[in-house]
Amino acid sequence: MNKEEIDLHASLKKYFGFSKFKGLQESVIKSLVAGDNTFVIMPTGGGKSLCYQLPALIQDGTAIIVSPLIALMKNQVDAIRAVSQHDGVAHVLNSSLNKTEIKQVKEDIKNGVTKLLYVAPESLTKEENVQFLRSVTVSFMAVDEAHCISEWGHDFRPEYRNLRHIIKRIGDNIPIIGLTATATPKVQEDILKSLDITDANTFKASFNRPNLYYEVRPKTKNVDSDIIRFVKQNEGKSGIIYCLSRKRVEELAQVLQVNGIKAVPYHAGLDAKTRVRHQDMFLMEDVDVVVATIAFGMGIDKPDVRFVIHHDIPKSIESYYQETGRAGRDGGEGHCLAFYAYKDIEKLEKFMSGKPVAEQEIGHALLQEVVAFAESSLSRRKFILHYFGEEFDTETGEGGDMDDNVRYPKKQHEAQDDVVVLLETVAHTNDKYKSKDLVHVITGKSNALIASHRTDTLPFFGVGQDKDKRYWMALIRQVLVAGLLKKDIETYGVLRLTEAGRNYLKQPESFMMSEDHVFDIATDESIITAAKGEGGVADERLMTMLKDLRKRNAKKLGVPPFVIFQDP
Ligand code: ADP
Ligand code: MG
């Protein structure tokens, strides 16, 4: 080790008590300390905070940390203060401070005491803050959760859009470090462009979580029973169940309680006290299960969550990855079980219908990926990692057999000829179409767009009409994942041949297509299964509880659906 490395290790020990850097941390820190723009893509829990905290502590001046999560900022500030001798070493600057406190913060910064200043993007837009920060020494700017800058991310924040402009005003040559756990190529590109750091040194860690087991099951009207059965088979283990709506959260939590499972609801509609109480009950293991909307999880660090169930499929693969990522943080078992029905996708599409067109298009494209994932017969892990721009080999990669599709392969058949038809059609229609239109051409259905390209499409119009639309959509999804086609990033959806696709056309080879599950079974939205219904012989006590619950909730929820389930 050279002197610089020794110093970094000494500081790591001194400030954080760790004796080793995790993953790419050391290279990231060296890049930032050298004054280079830096871009860090690491999964949640990868140790991103330290990538800016350590450089901030060992450099002159104050590092400005932009983060959207006020609660998390506070935790970080407390942690850093605890290991330093001086409270002034880290501050939060936001609207909750009174005049005296603001004065103190500014004094600490001017005196060079403050090494880290956490700000929400809104506070940075305040002119007085910009003026003040212009007048002090800034070591670098860190933009945490940088995906918030992109409409393609799962958590777009309009205020992030202004950051580049503000950073330029604070100082012209301030190094910038952007950090995110969301790493689709599109979001990456957006971050680099929006922050104007296309010259950044990029550090990307693998997103593989080898200890997580992925499973997708068709969602039927028995979904509640399915969930209860799963939870009972995993008795005593901690788990999170995600639902889309608050109402469903309430209902499902009650269904679980009635069935003797220790569960609490969590959503943003509950008052703060209840939320904290339920969260603590989960952390302290007074309950096993939290039924929650996505409001639950940000910054929750329970290392031994053993399962994450999606009662409703999320609206993007990123969300799915983030939410399932809360399982098995300690490296132990983590079962990720998602229930999927195409109906739910249509519901999500309906939610988007009021939004601006551009936003809708993005939303649809993201949903399309979710459909592809859920219906796919390919390795789940390979699919997710492919989505994040990472190659994964199920034979040699860690966790390669940890999903339903790999363990219990679906039937396959030779589809070489169909792949050729598909690729030829893309080639001869000059990469014009998104999946849907392409399938129209192949199955011989026209629309305005297709009609306008008559001469190009003519030879291929209807070449594949012996198979139906769903077959071709499934094949496209599998060919995409196999890398023979790709979706154009700019238009997000137009299919193009890849180099591998062109080679395939020159020399076609075997292509085993997995047959998809049927996922368009209707789900009974209200799931009103009578207590004595399928699988459930309710006992006296449960019936009384049920009646009582119904009475109490009739007003709040309408008549809530209940399933009383007992394994025979
Ligand atoms: P991220 O922001 O990437 O989700 P965090 O910065 O919150 O991750 O870090 C996740 C956890 O990893 C924290 O508990 C942190 O203390 C721990 N950690 C970070 N760096 C190291 C290290 N070098 N050695 C051991 N633990 C580390
Ligand atoms: Mg973080």
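Since the model is a prediction, treat every value here as computed from it, not as a measurement. Counting convention: from 1, in listed order, for ligands and their atoms alike.
Geometrically, Lys106 engages Phe132 in a cation-pi contact defined by less than 6.0 Å to the ring centre and at most 45° from the axis.
A centroid separation of 6.0 Å or more is found between the aromatic rings of Phe383 and Phe392. Under the 6.0 Å cut-off for aromatic ring centres, Phe140 and Tyr52 do not qualify, their centroids lying 6.0 Å or more apart.
A salt bridge between Lys48 and Asp144 is absent, with no side-chain N of the basic residue lying under 4.0 Å from a carboxylate O of the acidic one.
Side-chain contact check for Pro314 versus His310: some heavy-atom pair is nearer than 4.5 Å.
Residues with a heavy atom under 4.0 Å from ligand 1: Phe18, Lys20, Phe21, Lys22, Gln25, Pro43, Thr44, Gly45, Gly46, Gly47, Lys48, Ser49, Leu50.
The only member of Arg306, Lys237, Glu215 that meets side chain to side chain donor-acceptor pair (under 3.5 Å) when paired with His335 is Glu215.
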